[in-house]
A.B. asks: 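Structure below; questions to follow.
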Amino acid sequence: MNFDIQVESGAPKYWQQNEFLVLDHFIDAATLESMISEANNLRTKINRNYVPGQKKGGSVSSFEVAEHAPVTSALYNSPELITLLSTITREKLLVCPASDPHRSALYYYTEQGDHIGYHFDTSFYKGKRYTVLIGLVERSTSRLVCQLYKNDRTRETEELRVATTPGTMVIFNGDKLWHSVTPLGAGEERIVLTLQYVTDQRMGAVQRIASDVKDAVAYFGIKSLFRSRRG
């Protein structure tokens, strides 16, 4: 896998922005084309979800991605990518267990009003959890809204609006970035790949229940819960 960016150019900014970084044109054209094709082929697997006051959209779990999207799965497991992310974050990052439906999932914003409200990507694992977003399809006015330093009382909160254009990568510490996605307009479309990495693959029993309920209700449906437990 060849990446069009050098670690040295991004790592300092990641720390200056409280563990948040946007890298444009991160994925090479050939790989990106294959990933977009895989995402389009997985449209039949979309689980539509609606949580009043918080989110509306569609999702495809990592179970489907692993089974039907080999290029996307290879990216998630790429030693080169994991090494690069570990260098930026200064952590030894690990892939999530195969039972985690969020480890490499797809988010589809395809209907007017699709959005997600402000939230942290809270870690249910014993260690830290890092989120990587990669833009695949961006034909919308919808934006990823990021509030930097939200949990830092010594800094004034700074807001950024990011267009996740195809090939753009966003990386952040899930417990530090307060973020949302603005509502999709009529006739618009947005597809994003989300990758999750952790520093400790263990999860407590109570945290596992909370994670399962969140994933089943807000993202992948009840069927994913049973697939997760089989994993």
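Below, each value reflects all heavy atoms present in this structure, side chains not excepted, and no hydrogens, waters or symmetry copies. Computed from a prediction, not measured in an experiment: that's the story for all the values here. If you read the sequence from its start, that first residue is 1, and numbering goes on from there.
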A.B. asks: Evaluate the side-chain proximity of Arg161 to Thr182: yes if any heavy-atom separation is below 4.5 Å, no if none is.
C.D. replies: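 Thr182 vs Arg161: side chains touch.
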
A.B. asks: Which distance, rounded to the nearest 0.5 Å, do you find between the CD1 of Ile209 and the NZ of Lys214?
C.D. replies: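 The distance works out to 14.5 Å.
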
A.B. asks: Within the 3.5 Å criterion, strictly below it, is a donor on Tyr125 or Asp100 matched to an acceptor on the partner's side chain?
C.D. replies: yes

A.B. asks: Might you point out which heavy atoms bring Ser123 and Gly127 nearest each other, and give the distance in Å?
C.D. replies: OG-O, 2.9 Å

A.B. asks: Kindly indicate whether a cation-pi arrangement holds for Lys55 with Tyr219, taking the cut-offs as under 6.0 Å to the six-membered ring centre and within 45° of the axis.
C.D. replies: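 So Lys55 does make the cation-pi contact.
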
A.B. asks: Looking only at heavy atoms, what is the nearest atom pair of Met203 and Arg208, with distance?
C.D. replies: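 Answer, listing the atom of Met203 first, then Arg208: SD-CA, 3.4 Å.
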
A.B. asks: May I ask you to test the Ser62-Phe220 pair for a side-chain heavy-atom distance under 4.5 Å?
C.D. replies: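 Not in contact.
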
A.B. asks: Which ring-ring contact (aromatic ring centres under 6.0 Å, His included) pairs, counting each pair once, include a residue from residues 182-212, with sequence neighbours left out?
C.D. replies: Tyr76-Tyr197

A.B. asks: Would you name the heavy atoms of Leu148 and Leu177 that are closest together and state the gap between them?
C.D. replies: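 The pair with the smallest heavy-atom distance is CD2-CD1, 3.6 Å.
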
A.B. asks: Answer yes if the side chains of Glu38 and Thr72 hold a donor-acceptor pair under 3.5 Å, and no otherwise.
C.D. replies: yes

A.B. asks: Rounded at 0.5 Å granularity, tell me how far CD1 in Ile191 sits from OH in Tyr109.
C.D. replies: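 OH of Tyr109 is found 11.5 Å from CD1 of Ile191.
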
A.B. asks: Taking side chain as C-beta onward, heavy atoms only, is Asn41 less than 4.5 Å from His68?
C.D. replies: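 With C-beta onward as the side chain, the pair stays apart.
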
A.B. asks: Going by side-chain hydrogen bond (donor to acceptor under 3.5 Å, both in side chains), Arg190 matches just one of Thr141, Asp114, Thr164. Which one?
C.D. replies: Thr164

A.B. asks: Any chance you could lay out the side chain to side chain contact (heavy atoms under 4.5 Å, CB included) test for Leu136 and Leu32, step after step, and finish with the verdict?
C.D. replies: CA-CA 7 Å; Leu136 298 180; Leu32 181 61; 4.0 Å; yes

A.B. asks: At their closest point, which heavy atom of His115 faces which heavy atom of Val181, and how far apart are they?
C.D. replies: CB-O, 3.3 Å

A.B. asks: Taking everything shown except Gln201 itself, do over 12 heavy atoms lie less than 6.0 Å from its CD?
C.D. replies: yes

A.B. asks: Check the orientation of Phe120 and Trp178. Use parallel for under 30°, tilted for 30 to 60°, and perpendicular for over 60°.
C.D. replies: tilted

A.B. asks: What is the minimum heavy-atom distance between Leu85 and Leu93, and which atoms define it?
C.D. replies: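 For Leu85 versus Leu93, the nearest heavy atoms are CB-CD1, 3.7 Å.
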
